[in-house]
Amino acid sequence: MYRGNALKDALAVYLVTDERSSINDCLRVVRQALEGGATTVQLRRKHDDGRILVQMGQAIRDMTREYHALYIVNDRVDIALITDADGVHVGQSDIAYADVRSLLGKEKVIGVSVSTIAEADEALAKGADYLGVGSVFPTRSKSDADLCGIAGLREIANLARRYGTRRTPTVAIGGITAANASEVLGAGADGLAVVSAIMQADNPADAARNFRQLFS
């Protein structure tokens with residue numbers, strides 16, 4: 001069970017898989033990123049059939065246990081349950097938070113994507129365990145993402161930090177690179193969700209290590 005500072009620390013370097021055609025190559029990069037210090041892996045593949053997602057999820061489940069990392073599934077609650085994921089991440093048009101919670105139970109982690117204060121306030125009120133905030137910068141990984149910018153990230157992070165009696169971690173996503181990561185953390189993010197900057201790196205382990213060093 002991940003909560004409080006344990007959850008915040010586990011979300012620090014949050015790798016999101018890309019849509020490359022080779023499953024084996026995708027899993028190879030995930031392992032390299034874990035070797036370099038990625039603390040969370042989110043399985044996000046919008047175009048794969050369920051059986052392939054189960055195979056990938058089981059492989060990522062094994063790797064994240066080996067490296068003591070968090071394993072999250074994007075949207076697909078069925079895949080998360082079958083592969084014993086630590087949690088699920090949902091967007092604004094995915095299955096509603098309450099329905100995901102009823103399916104997963106109380107122990108699993110649920111993250112919610114937000115890009116505005118109103119969305120963040122609603123997700124926090126419903127009990128989201130963390131917020132995925134973005135897109136902070138324009139990104140080719142998700143061309144239809146709403147842009148909140150650094151100012152929006154700062155505003156949402158401030159809200160999550162002082163909301164009710166708990167501090168909800170925020171993970172910034174969208175165009176995060178080694179060059180802008182410090183600015184993102186300075187705006188209040190607790191974690192950095194990265195796709196291309198690790199998945200497309202010449203050396204994914206070194207890329208993940210560079211992000212991890214920002215938290216030391």
Which atom pair, heavy atoms only, marks the closest approach of A38 to L15? CB-CB, 4.5 Å
Can you see which heavy atom on C26 is nearest to which on M56, and at what distance? SG-CE, 3.8 Å
I'd like to know if the side chain of D99 reaches the main chain of I95, judged simply by a donor and an acceptor atom lying under 3.5 Å from each other, with no hydrogens or angles considered. no
Stepwise, does the side chain to side chain contact (heavy atoms under 4.5 Å, CB included) test hold for E155 with N158? CA-CA 5 Å; E155 192 175 20; N158 285 337; 5.8 Å; no
For the backbone of R44 and the side chain of T17, can you confirm whether one donor and one acceptor N or O come within less than 3.5 Å of each other? yes
Is the closest basic N to carboxylate O distance between R20 and D25 below 4.0 Å? yes
State whether the side chain of E19 and the backbone N or O of K46 hold a donor-acceptor pair below 3.5 Å, judged by distance alone. yes
Atom pair CG (D146) and OG (S135), whose distance is rounded to the nearest 0.5 Å: 9.0 Å
From L7 CG over to T39 OG1, what is the distance, rounded to the nearest 0.5 angstrom? 10.0 Å
Could you go through the side chain to side chain contact (heavy atoms under 4.5 Å, CB included) check for V194 and V16 one step at a time? CA-CA 6 Å; V194 178; V16 181; over 6 Å; no
Test applied, side-chain contact (heavy atoms from CB on, under 4.5 Å); reference residue, E183; option that passes from I176, I150, L153: I150
Does A120 have any side chain to side chain contact (heavy atoms under 4.5 Å, CB included) partners at least two apart in sequence or in another chain, and if so, which? V114, L131, I156, L159
Supply the atom-to-atom distance D9 CG to N5 CG, rounded to the nearest 0.5 angstrom. 6.0 Å
If the condition is salt bridge (charged side-chain N to carboxylate O under 4.0 Å, His left out), which residues does K8 pass it with, not counting sequence neighbours? none
Residue from K108, R166, R101 passing side-chain hydrogen bond (donor to acceptor under 3.5 Å, both in side chains) with D129: R101
Which residues share a salt bridge (charged side-chain N to carboxylate O under 4.0 Å, His left out) with R167, sequence neighbours left out: D190
Taking L147 as the starting point, is it possible to reach V133 by hopping between hydrophobic residues whose side chains are less than 4.5 Å apart? no
Testing V171, V13, I198, V184 for side-chain contact (heavy atoms from CB on, under 4.5 Å) with L192, which one passes? V184
From CA spacing to verdict: side chain to side chain contact (heavy atoms under 4.5 Å, CB included), L70, V41: CA-CA 6 Å; L70 198 65; V41 177; over 6 Å; no
Any residue meeting salt bridge (charged side-chain N to carboxylate O under 4.0 Å, His left out) with D48, in chain and number order, not counting sequence neighbours: R45
Correct closest heavy-atom pair for G37 and A208 would be N-CB, 4.3 Å
Can you find a heavy atom in the side chain of F215 that is under 4.5 Å from one in the side chain of L185? yes
Which pairs with one or both residues in residues 207-216 pass side chain to side chain donor-acceptor pair (under 3.5 Å), sequence neighbours excluded? D206-R209
Main-chain N/O of G57 paired with T83 side-chain donor or acceptor, under 3.5 Å: no
Compare every heavy atom of F211 with every heavy atom of A178, then report the nearest pair and how far apart it is. N-CZ, 3.6 Å
Would you mind telling me which of E119, H89, Q92 makes a side-chain hydrogen bond (donor to acceptor under 3.5 Å, both in side chains) with S113? H89
Report the C-alpha separation of R31 and D62 in whole Å, then their side-chain angles, then the decisive distance to 0.1 Å, and conclude whether the salt bridge (Lys or Arg N to Asp or Glu O under 4.0 Å) test is met. CA-CA 10 Å; R31 175 172 287 282; D62 290 344; over 6 Å; no
Close side-chain approach of Q200 and V29, heavy atoms under 4.5 Å: no
Closest contact, heavy atoms only, A157 versus A187: CB-O, 4.0 Å
For the CG atom of D121 and the NZ atom of K126, what is their distance to the nearest 0.5 Å? 11.0 Å
Among residues at least two apart in sequence or on other chains, which ones pass salt bridge (charged side-chain N to carboxylate O under 4.0 Å, His left out) with D78? R76
When you measure from the side chain of D49 to the backbone N and O of R51, does any donor-acceptor pair fall under 3.5 Å? no
Atom CD in Q42, atom CG in L11: separation rounded to 0.5 Å? 11.0 Å
Is there a donor-acceptor pair under 3.5 Å between the side chain of D94 and the backbone N or O of G91? yes
Check the pair Y130, Y2 against side chain to side chain donor-acceptor pair (under 3.5 Å), reporting the backbone distance first and the verdict last. CA-CA 11 Å; Y130 73 92; Y2 287 83; over 6 Å; no
Using every non-hydrogen atom in the two residues, find where G175 and F137 come nearest and quote the distance to one decimal. O-CD1, 3.6 Å
Closer than 3.5 angstrom, by distance alone: can the side chain of D86 be matched with the main-chain N or O of I72 as a donor-acceptor pair? no
CG-CD1 distance between L53 and I82, expressed to the nearest 0.5 angstrom: 10.0 Å
